[in-house]
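Sequence lines set the chain letters: A, B, ... in the order given, protein chains first and strands last, and positions in each chain run from 1.
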2 protein chains.
Amino acid sequence: MSLALGPVNKSSLSKQVADQLQEAILDGSLKADDRLPTEDELAKRFQVSRPTIREALKRLAAKNLIRSRRGPTGGTFVNHLGTSELSDHLTTASTLYVSMNQISLPEVSSTRLEMESLCCQLACTHRTDADLEKMEFELGQQLDSRISPEDFCAADVRFHRAIAEASHNRMLSFVMYTLIEALQPVANMIAYRFREREIITGQHKRLLGAIREQNKTLACAIIAEQITYLDQLHEEAQESHQQKQT
Amino acid sequence: MSLALGPVNKSSLSKQVADQLQEAILDGSLKADDRLPTEDELAKRFQVSRPTIREALKRLAAKNLIRSRRGPTGGTFVNHLGTSELSDHLTTASTLYVSMNQISLPEVSSTRLEMESLCCQLACTHRTDADLEKMEFELGQQLDSRISPEDFCAADVRFHRAIAEASHNRMLSFVMYTLIEALQPVANMIAYRFREREIITGQHKRLLGAIREQNKTLACAIIAEQITYLDQLHEEAQESHQQKQT
DNA sequence: AAAGTTAATTTGTCATACAAATATAAAATA
DNA sequence: TATTTTATATTTGTATGACAAATTAACTTT
């Protein structure tokens with residue numbers, strides 16, 4: 001890890017420090033679970049004050065790149081960056097992006113339709129028994145009519161994530177996590193209505209069957225059916241919302 | 001904007017403050033270009049010290065949610081969150097994810113192939129004159145053999161981004177930004193060899209033509225050709241790398 | 001009236017001190 | 001001796017106060 005301050009930069013010191021540390025993590029000088037020097041030590045090496053170092057560390061913490069603990073064996077450590085660790089990071093990004101730019105649902109759902117179809121095709125080919133079990137488990141959760149709408153939603157998210165994972169393409173899974181989250185507000189809405197819950201779980205049941213039998217065409221058709229159905233519900237909800245306002 | 005500290009939370013104060021401010025941005029209490037209170041004012045309202053407030057602000061700055069300027073008319077402002085503003089954020093996430101999880105290039109490139117084909121199809125339908133101009137401009141940059149490898153890469157990224165934008169589906173563009181970045185290391189490698197540069201720009205020229213003429217089939221074929229070509233180069237590079245080691 | 005100068009405001013940085021958490025080692029107790 | 005308690009050192013978390021740097025607005029001078 002090279003800790004010399006580079007050429008003169010107009011940006012703030014804390015940003016410069018953060019960028020250098022991030023660089024060190026990115027190029028592998030700092031590996032997962034490595035412990036950074038203490039804040040005092042960093043302050044000495046970078047020739048800046050501790051508050052400045054702390055601001056830099058908080059920037060990295062916001063990106064989930066590091067974690068800190070107090071105490072003698074504590075300190076600041078480099079995080080593992082798995083799909084799940086990235087998901088809250090991505091969730092805020094995608095949710096924010098979708099909400100702040102008022103991206104229309106068709107834009108989201110059409111993209112998701114294409115991507116999830118791709119997932120299903122790959123899943124049909126590559127799904128393992130473990131994948132099927134995971135999907136079965138989440139489906140079981142959804143079938144339980146006693147669970148709360150929140151839990152239903154969470155199980156729904158996990159079911160779709162399981163499909164993504166079953167593709168055994170980690171890049172595709174990574175992207176799908178973003179899309180699943182972005183469509184979640186609509187799914188949340190649905191979870192409060194029991195009739196719709198039955199329809200969704202019915203689709204999931206058939207989808208699981210199709211993937212088990214490795215029937216790509218059928219699986220894609222069911223995905224299309226579900227997303228079209230969600231679009232439709234969203235449209236209805238918006239209409240009734242507009243009626244309320246008039 | 002509600003500035004009361006919520007229920008007791010074990011997480012650090014700076015994180016709590018950051019979360020509340022982010023919430024305010026997310027739910028629209030703080031809109032783009034709104035100015036936050038001064039740091040002293042925030043410190044008073046949240047009943048914490050200024051360094052703590054600053055740590056919180058740096059967390060949000062790391063996510064590109066805010067920007068700050070000094071001076072009487074300065075202060076901290078809420079950012080617009082466009083695709084490009086998010087790209088920093090996403091770039092580190094995707095690059096890190098790919099490198100830390102040792103995701104194989106086929107996983108990335110196969111995903112990108114599917115997604116970019118989709119982009120091309122939509123771009124053929126929806127491309128405007130402005131889209132075509134943008135692509136032409138970036139292609140022009142690439143044709144100039146005097147530019148540095150770094151500039152060539154940057155122009156390449158912008159060219160592919162322009163294709164994504166031409167789809168006029170913001171969600172798809174958003175996702176594509178991630179994938180383009182993730183494949184960049186390979187593209188970087190190529191930029192240092194002039195022969196390959198010519199081949200790539202040739203493909204781009206034909207691709208632009210296909211999109212102009214709205215020939216979906218041709219456009220997709222060229223994308224497939226390019227990505228296959230990149231995979232091949234990567235494979236060769238790895239082989240020669242292994243030879244060196246033996 | 002135009003130009004330069006000063007003052008005020010706000011973020012950026014620093015120095016120092018103390019609080020809180022936590023692991024280790026020492027000491028007291030059963 | 002074994003176990004619990006206590007002290008202690010280390011490290012992050014927070015607070016206070018001060019000054020520097022940037023930048024705008026008002027004022028003064030030519």
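Of the charged side-chain nitrogens involved, at least one lies within less than 4.0 Å of a carboxylate oxygen, so that B:R161 and B:E181 count as a salt-bridged pair. Salt bridge A:E55/B:R59: absent, no basic N to carboxylate O contact under 4.0 Å.
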Q. Which is it for A:H160 and A:R112 under the side chain to side chain donor-acceptor pair (under 3.5 Å) test, yes or no, and what are the steps along the way?
A. CA-CA 11 Å; A:H160 285 280; A:R112 177 166 166 184; 3.2 Å; yes
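Residue B:S12 has no polar side-chain atom (N or O) positioned under 4.0 Å from OP1 or OP2 of D:dT12. The phosphate of C:dG12 (OP1 or OP2) has a side-chain N or O of B:R54 nearer than 4.0 angstrom.
In the set D:dT10, C:dA15, D:dT12, the nucleotide with an atom closest to the side chain of A:E39 is D:dT12. Here the side chain of A:R70 is nearest to one of C:dA19, D:dT16, C:dG12, namely C:dA19. The side chain of A:T52 has C:dC14 as its nearest neighbour among C:dT11, C:dC14, C:dA23. Comparing D:dT12, C:dT13, C:dT10 by their closest approach to the side chain of B:T38 singles out C:dT10.
B:R67 places its CZ atom 18 Å from the C1' atom of C:dG12, with the value rounded to the nearest Å. When rounded to the nearest whole Å, the span between CG of A:L13 and P of D:dA20 equals 16 Å. One can place CG of A:L42 at 12 Å from P of D:dT11, the figure rounded to the nearest angstrom. Protein atom CZ of B:F46 is 19 Å distant from nucleotide atom P of D:dG13, rounded to whole Å. Following rounding to the nearest Å, B:L57 (CG) and C:dT10 (P) show an atom-to-atom distance of 15 Å. What separates CD1 of A:I53 from P of C:dA15 is a distance of 12 Å, to the nearest Å. Rounded to a whole Å, the CD atom of B:Q47 is 14 Å from the C1' atom of D:dT14. Atom P of nucleotide D:dG13 and atom CD of A:E55 are separated by 14 Å, given to the nearest angstrom.
Under 3.5 Å, the side chain of B:R50 and the base of C:dG12 form at least one donor-acceptor pair of N or O atoms.
At a threshold of 4.0 angstrom between heavy atoms, the contacts of B:R35 are confined to the sugar-phosphate backbone, with no base atom among them. B:K58 comes within 4.0 angstrom of sugar-phosphate atoms only, judged by non-hydrogen atoms across all strands, and of no base.
Under the ring-ring contact (aromatic ring centres under 6.0 Å, His included) criterion, A:H234 pairs with no residue at all, not counting sequence neighbours.
Across the interface with DNA chain C, nearest-nucleotide mapping of A:R69 and B:D40 shows B:D40 to be the residue nearer the 5′ end. Positionally, the nearest nucleotide of DNA chain D for A:T73 lies more toward the 5' end than for the other of A:P51 and A:T73.
Heavy atoms from other residues, nucleotides or ligands lying under 6.0 Å from CG of B:D129 number 12 at most.
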